[in-house]
Amino acid sequence: RLSRRHVFGYAGAAGLGGAAGVVAGRATAGSDDAAAQRVGGRTYLAHGDHQSGILTPTPAVGELVAFDLLPSVDRTALGRLMRVWSGDVAALAAGRPVPGDAAPDLAQAGVSLSILIGLGPRVFDLPGLAAARPTGFQEIPPMAHDRLEDRWSGGDLLAWVSADDATSVAHAVRRLTTDAAPFARPRWTQRGSWRPVDADGNPVTGRNLFGQLDGSANPSGETLTATVFSTDGWLAGGTQLVVRRIEMNLATWDELTRDRQERVIGRALDTGAPLTGTAEHDDVDLTAAVDGVPVIAADAHARVAHPSHNSGRRMLRRGLNYTHEEWIDGSWTSSAGLIFTAFQASIADQFIPVQRMLDQGDALNEWTTAIGSAVFVIPPGFAEGAWLAQGLLG
Ligand code: HEM
């Protein structure tokens, strides 16, 4: 049985009071019954202080679509698109078709659908918006281990659709893309999956394709709020998102002994416990040593990424696993990895210094390579009758 501590989204979202609400099967804060903890089969209300898709649990299927604005789009036109998308987001989340929906029967409640909308750096180059660029919002500078490809990088807008099933995701993506067509065209699409639930339907920390529990040390409670949400002007209640497509070399990872795999991270594979503890949520003890040798190695990922190694800097990670097959030079090639995403109040103050630290000293670099990079401002949530980024564009 799990502790509920690491399950952000149910009690967590309710406790924050302003996160997008849940209409079907809503958990009452503090309730312990199994139904309230169920993962999947949810209907998340789109309206609230924060967009849903940040604190709501990661459903099984996610698709991130980045768009490029058409050259004709100015601040006013972008405002029109945000009004249209806000209506779409509210309708689709509630299980209603959007206006003019060509496949209205695909709209369905109870599929844990959430849609997260973001704005890329070039939005703040549009006339009249330069002064509104949020503090700390910037592209990730080149890192020594990066092998970035244009096809997974950049973008002026983001729509990140999550749901329990790929059909619901495909329908929502198609509606958003169709409605955006007068303003923007898709630049890249990344699809991934996550398994945030155990065999009995209880929420758990999901595993990445190396088999590791991934997300255990995510912040919770007040630390989570302070880590993620901006208090800066029009962005108050919003956040900043980094999307990195990180290829994982499963072939060479598989050759390692289990013991070596655990030392690379500093955590046990089965329980996710730090090598200095016994349970997943035990604190990582970076001072523990045996015969003068640190239990968590100097280059272990859990040490180098740890807040105490990074002047207290944190982020909220919410990854998706991907596999990708391509026909190259007459044969099929497959690759796999993590669509790594991190939310924080300031990319410059949080993600970038931690990423620099990892670039220089993380044992994991031998098996992981960033091949895509993008950054987005995630506007705050919106109330009924209002629209996304109204504080910026209204
Ligand atoms: C922790 C895997 C990339 C930041 C962890 C953990 C695993 C993991 C297994 C320990 C469990 C947990 O707390 O979630 C990976 C893999 C990566 C990757 C497989 C690449 C494919 C990154 C990147 C960053 C990052 C790019 C940030 C720049 C963190 C942080 C923690 C963490 C902040 C928590 C440290 C703590 O508070 O103890 N990661 N990670 N990771 N990772 Fe990563």
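This chain uses plain numbering: 1 for the first residue, then up along the sequence. Every number for a ligand or one of its atoms is a count from 1 in the order of the listing.
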Just jot down the ligand 1 atoms closer than 4.0 angstrom to any heavy atom of Q212, in number order. 2 (C), 9 (C), 19 (C)
Is R244 paired with D146 through a side-chain N to carboxylate O contact shorter than 4.0 Å? yes
For the aromatic rings, using the six-membered ring if either is Trp, is the centroid distance between H301 and W367 under 6.0 Å? no
Selected option - heavy-atom contact closest to atom 4 (C) of ligand 1, from M143, E280, R356, R317: R317
Closest non-hydrogen contact found for G155 with A66 is CA-CB, 4.2 Å
Assigning hydrophobic clusters by single linkage (Ile, Leu, Val, Met, Phe, Trp, Tyr; side-chain heavy-atom cutoff under 4.5 Å), is L364 placed with L269? no
Distance filter under 4.0 Å to L358 heavy atoms, resulting ligand 1 atoms: 23 (C), 24 (C), 25 (C), 27 (C), 28 (C)
Tell me the protein heavy atom at minimum distance from atom 38 (O) of ligand 1, and give that distance in Å. H306 CD2, 3.3 Å
Just jot down the ligand 1 atoms closer than 4.0 angstrom to any heavy atom of T368, in number order. 20 (C), 21 (C)
Identify, by atom number and element, the atoms of ligand 1 in contact range of F351, meaning under 4.0 Å from any of its heavy atoms. 27 (C), 28 (C)
Let me know which of W160, W85, F183, W188 forms a ring pair (Phe, Tyr, Trp, His ring centres under 6.0 Å) with F67. W85
Is R267 close enough to touch ligand 1? Criterion: a residue heavy atom under 4.0 Å from a ligand atom. yes
Please write down residue, atom name and distance for the protein heavy atom closest to atom 13 (O) of ligand 1. A217 N, 2.9 Å
Counting only heavy atoms, tell me which of H145, H301, E262 gets closest to atom 15 (C) of ligand 1. H301
Taking the side chain from D359 and the backbone from H145, do they hold a donor-acceptor pair closer than 3.5 Å? yes
Enumerate the atoms of ligand 1 whose separation from the nearest heavy atom of I246 is less than 4.0 angstrom. 20 (C), 21 (C), 26 (C)
Heavy atom under 4.0 Å from ligand 1: found in L213's side chain, backbone, both, or neither? backbone
What one should report as the nearest heavy-atom pair of M315 and Q350 is CE-O, 4.4 Å
What atoms of ligand 1 come closer than 4.0 angstrom to any heavy atom of M248? 21 (C)
Parallel, tilted or perpendicular: which describes the rings of F137 and F124, with under 30° parallel and over 60° perpendicular? perpendicular
Have a look at F340, W253, F210 and point out the one with the heavy atom closest to atom 24 (C) of ligand 1. F340
May I ask you to identify the nearest protein heavy atom to atom 33 (C) of ligand 1, giving residue, atom name and distance to one decimal place in Å? A305 O, 3.5 Å
Does this structure show an ion pair linking R303 with D299, if we count only N-O contacts that are shorter than 4.0 Å? no
Is any N or O atom of G215, backbone or side chain, closer than 3.5 Å to an N or O atom of ligand 1? yes
Within ligand 1, which atoms have a heavy atom of P307 less than 4.0 Å away? 36 (C), 37 (O)
Let me see the working for D164 and R42 under salt bridge (Lys or Arg N to Asp or Glu O under 4.0 Å), right down to the final yes or no. CA-CA 9 Å; D164 292 333; R42 300 263 162 164; over 6 Å; no
Can you name the atoms of ligand 1, numbered from 1 with element, that are less than 4.0 Å from a heavy atom of Q355? 26 (C), 28 (C)
